[in-house]
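Note that the structure is a prediction, hence the values are computed from the model and not measured. Letters A, B, ... mirror the listed sequences (proteins, then strands); counts begin at 1.
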Amino acid sequence: MTMKDVLSPTALSLYHELLETLGPEALKKMLLTMHTIRAFEERAEQLYAEGRVHGTMHLSIGQEATAVGASSAMIRSSGDAGDYLLNHHRGHGHCLAWGSSVDKMMAEFMGKETGYCRGRGGSMHIADVDSNNLGANGIVAGGVPIAVGVGLSIKMRGTSQVCLVIFGDGAANEGAFHEALNMASIWKLPIIFLCENNQYAMSMPYPKAFNIEKISQRAAGYGIHGETVDGNDVLAVYKAVSEAAQRARNGEGPSLIESITYRYKGHSKSDKQAYRTREEVQDWRDNRDPIMRFNALLVRTGVITEAEGEGMREQAVEIIDRAVAFSEASPDPDLKMIMDGVYA
Amino acid sequence: MRELSYAEALREGLRQMMETDPSIFLIGEDIGVYGGAFGVTAGLIDQFGGQRVIDTPISEAGIAGACIGAALTGMRPVGEIQFMDFVTLSMEQLVLQAAKVRFMFGGKAKVPMVLRMPGGSGTGAAAQHSESLENWFVHVPGLKVVMPATPYDAKGLLISAIYDDNPVIFVEHKLLYKTKGDVPEKPYRIPLSQTHVVRQGQHVTVIATSIMVTRALAAADALAKEGIELEIIDPRTLKPLDDAPIIESVKKTGRALIVHEAVEIGGFGGEIAARIAGSEAFDYLEAPIRRLAGLDIPIPYNRELERNTVPQIENIIHEARKLAQTAY
Ligand SMILES: Cc1ncc(C[n+]2csc(CCOP(=O)(O)OP(=O)(O)O)c2C)c(N)n1
Ligand SMILES: [Mg+2]
């Protein structure tokens, strides 16, 4: 779906359905979160360029709808009351959408003691264990089999929680992915396997790495529910993930959802992007941008005014400004504590 | 002589071997158009095409297995694991298959493969992208482990590794890729298992690997001004280890300092220390053998923490000076 289809009959009927169940405030909040994710990552990139953040980072600019749609469909709380999240290296958006503190995330980027991982993890390892966010992962598909254990534990403890595990198209070609889907299937575990197909695994275009049209087809091989959604349509993602969560809570086992989206930026901080054209990137930006689309939908249906839409972007930037100020005022880890935190 | 970077030297070695031997091919993630995460294979796909510079899906067990199978059947594959950390996903194929098939088959098969991978910290990439796992492989009978420290060694050892009939784990270092040094244009081989005395000195023997060789040399320059002469030794091949030059050197200096980036506990330094202590050099020791290596923690993200996790030049200076002044 492109900008032209923002008000298509299918889009509108989905919109009306969700407006009914969620209410306008929730929709506005979803848009604001998408803006916050983008502002966060744009700032992170700028701070990196200025040498104020080091290492590397994987930006999800262009993929905000999947993060926000999926997280909004889950119960985000702590302990047995909340669902679980596991995600991957391109995970800033997932964490922010899950409700992570922007301050603590930014502080982690700056390697500060006040960051989520006390400056030990950095961009690739943001976790917020207190809100059942079990963390991003530097290893492709690293979180996927862990989800099996989380699902197993949910079942053994007899709660009604669900585990959402997010990974990329590239991850679906690791052996761990296949082992995990099969185990989750035979044990009917409450897991949502959400595959963010952003068209590339680093330089590898998705059609060169798969001999199938859709990654969701792999669900059939494991006897679980599979579907492909427009990952740049926040409401479509929301709906698919909500339904998967419902099935999981009903004891119907795992689902594999493939969310079609696109990353605008290079893979990481050292990518010349020789494997794709500028035109291709520009086409996604101009015609399928998830924020532009959702904003247009909310403006044209009268949920927000155009000015309110613009205000949201500014609001997001202010949130980030405060996070940067917080981080800069935060202490660095104490070198004397370098051996700390390895063992429980 | 002409200077090349460590990455360029590796690339030249690969190119020259591929030009002469059609059984050599490259396989790994993003090694084609992308040129490899650290640019080592840049441009090779243009020269040799996608049939010999094979981009794979993200499947490290598959990459290792594909190398083994091809090597068993007449090819000389050179695989690339994007970061050494990810070789953990290839372990079964390497440890239980590549290392053992020849022996299990009564010596009737061979596995002439090389698996290249960059280890090491210093890029802020944190715990899952910064490890130095070379000693895991040293512990496995049937594998060879090579770890070049200079552009010259990188090219010469890589060519030898390619023509070795055994599986060779070839450990590069991320921070070395851009370092420059003299590299002959013509192909040449540096024999595996030939320990190299990089710098002569009479007071302390420093056995260092990979980037620690560079840091030890810098430390030696600094200490020379104080009248302390370090003898720097680079094993280059960790397995099978040529320990004779190390033992000879310690007999001369009576003092040994072993420096590596990998975690000290269970690290390669323990093997070196045991070789020295178990040899005739024991009688010549004038001070306890010392190790300087990585702390027993995963690599942290924060810059200062990261720097302090592994030996730096100033740490080597400090340890070597102390050792030079210690006597039983
Ligand atoms: C096991 C492993 N292999 C390789 C890598 C290097 N790497 C990191 S992300 C990535 C591409 C991942 O692609 P995909 O799963 O599609 O996620 P995306 O980056 O597109 O979000 C690669 C090759 C890694 N981190 N872990
Ligand atoms: Mg991808």
*Any side-chain heavy atom of A:H54 within less than 4.5 Å of one from B:Y301?*
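Heavy-atom side-chain distance check passes, below 4.5 Å.
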
*Check whether B:T309 gets within reach of chain A through its side chain, its backbone, both or neither, counting any heavy atom under 4.5 Å.*
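For B:T309, the contact with chain A is made by backbone and side chain together.
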
*For A:K104, look at atom NZ and say whether over 12 heavy atoms of other residues, nucleotides or ligands are found less than 6.0 Å away.*
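At most 12 heavy atoms, drawn from other residues, nucleotides or ligands, come within 6.0 Å of this atom.
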
Chain A: which of [options] shares the most heavy-atom pairs with it under 4.5 Å?
options	value
B:G62, B:G124, B:G32	B:G124
B:A61, B:S59, B:A125, B:P298	B:S59
B:E306, B:H129, B:R303	B:R303

*If only atom types and distance count, is the side chain of A:N197 paired as donor or acceptor with the main-chain N or O of A:D169 below 3.5 Å?*
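Checked: no pair found.
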
Hey, which of [options] has the most heavy atom pairs under 4.5 Å with chain B?
options	answer
A:M110, A:M57, A:M204	A:M204
A:D340, A:T56, A:L335	A:L335
A:G121, A:A209, A:G175, A:C117	A:G121

Which bit of [X] comes within less than 4.5 Å of chain B, counting heavy atoms only: side chain, backbone, both or neither?
X	value
A:D271	both
A:Y343	side chain
A:M124	side chain

*asked:* Looking only at side-chain N and O atoms, does A:T261 offer a donor or acceptor that is under 3.5 Å from a partner on A:E196?
replied: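 No - no donor-acceptor pair under 3.5 Å links their side chains.
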
*Does the separation of the ring centres of B:F137 and B:F170 fall below 6.0 angstrom?*
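No: the rings miss the under 6.0 Å criterion.
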
*Validation row, ring centre A:H92 to ring centre A:F109 under 6.0 Å*: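 Yes: the rings meet the under 6.0 Å criterion.
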
*Out of B:R11, B:K178, B:E172, which one pairs with B:Y6 under the side-chain contact (heavy atoms from CB on, under 4.5 Å) rule?*
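By the side-chain contact (heavy atoms from CB on, under 4.5 Å) criterion, B:Y6 pairs with just one of B:R11, B:K178, B:E172: B:E172.
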
